[in-house]
Number of protein chains: 2
Amino acid sequence: MEGDFKKIRGFGLKVTPQRLAIFSLVKADRTHPSAQEVYQEVARKHPEMSFATVYNTLSKLVEAGAVQELNIDPDKKRFDPRTSLHDHFYCRVCGKVYDVDGDVSLAPNIKTIAGHRVETVQLTFKGVCEACSRK
Amino acid sequence: MEGDFKKIRGFGLKVTPQRLAIFSLVKADRTHPSAQEVYQEVARKHPEMSFATVYNTLSKLVEAGAVQELNIDPDKKRFDPRTSLHDHFYCRVCGKVYDVDGDVSLAPNIKTIAGHRVETVQLTFKGVCEACSRK
DNA sequence: TTGGATGCAAAAGATTTGCACTCCC
DNA sequence: GGGAGTGCAAATCTTTTGCATCCAA
């Protein structure tokens, strides 16, 4: 997409076919994929893609604020293209991460806490999701 | 300590010298140590201690609710002996985790969200801590 | 006695790094 | 042309696992 081209450049990054592919995929993925999962998906259309490139690009996109890195899965980092205010639920049974719309915390406006400069806030719920509860 | 003996047994676990040492150390450590750090500390007094034992014991203690597992450090799990209500701040520069007393979220009483059964809630702030900001 | 706990070492994953080659600007 | 980006492979780090031995109850 033409828009992606401009956005990537807007982040101060060189535009390459790999970055276009990665950005385009992540942007549309609401499953909160890990880097491995992003790699596997992108590699389907771009078999020559290197894993390191996916890592590098994801980390650049996080730095640029284009996507959010979630530390919610105990085993690995996950990525979320939604930058608007929302929380997350992690199911310890199936491992899925759900978006929780409508923020429940008082925290979003906090710029400083206990003297520390706040850049991001994550409110995380863990437990058993509805689907797993029914089994 | 005699109290630890009873507590560990209360968790439904066999009482071993290793568990006493690990529990006693973690209970007193407010630096939110990783498993590696716990191991290194405990190993100073118990050189024969196995890393696997530390892992197993920590995971039992988490299951029992004796300590809390934090998914706040992007690189590894950390453990917190405080089970009372409080939040955390992670400094992306020095990597330290600070306790934030006085809970800022509206979430603590939530038992269900979007149909999912909630067991734990973590409110995490990230940024640059006061000490690192001054440098 | 006996099932759970431990120690050791190897394995499995996730993430990072070094380096030569490539290509965007 | 030059420096950032890429691909590949090896290295690192965290966490898990298999198994023989040991010990708390």
Counting only side-chain N and O atoms of [X], is one of them less than 4.0 Å from OP1 or OP2 of [N]?
X     : N      : answer
A:K77 : C:dT16 : yes
B:Y55 : D:dT16 : no
B:T53 : C:dA5  : no
A:R9  : C:dC24 : no
A:Q18 : D:dG7  : yes
B:T16 : D:dC23 : no

Taking the side chain of [X] as its heavy atoms from C-beta onward, which of [options] lies nearest to it?
X     : options                : value
A:K14 : C:dG4, D:dA4, D:dT15   : D:dA4
A:F51 : C:dT15, D:dA25, C:dC8  : C:dT15
B:A52 : C:dT17, D:dT17, C:dC25 : D:dT17
B:V15 : D:dA25, C:dT16, C:dC24 : D:dA25
A:M49 : D:dT17, D:dG7, C:dA5   : D:dG7
A:R19 : C:dA14, D:dT6, D:dT15  : D:dT6

Whether the A:D101 and A:H86 side chains hold a donor-acceptor pair (N or O, under 3.5 Å, no angle test) is what I'd like checked.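 No, A:H86 and A:D101 have no side-chain donor paired with an acceptor closer than 3.5 Å.
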Would you indicate what [X] reaches in the nucleic acid, counting non-hydrogen atoms under 4.0 angstrom: base, sugar-phosphate, or nothing?
X     : result
B:R78 : nothing
A:K76 : sugar-phosphate
B:Q36 : base

Between A:D73 and A:K76, does any NZ, NE, NH1 or NH2 come within less than 4.0 Å of an OD or OE carboxylate oxygen?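 Yes, this pair counts.
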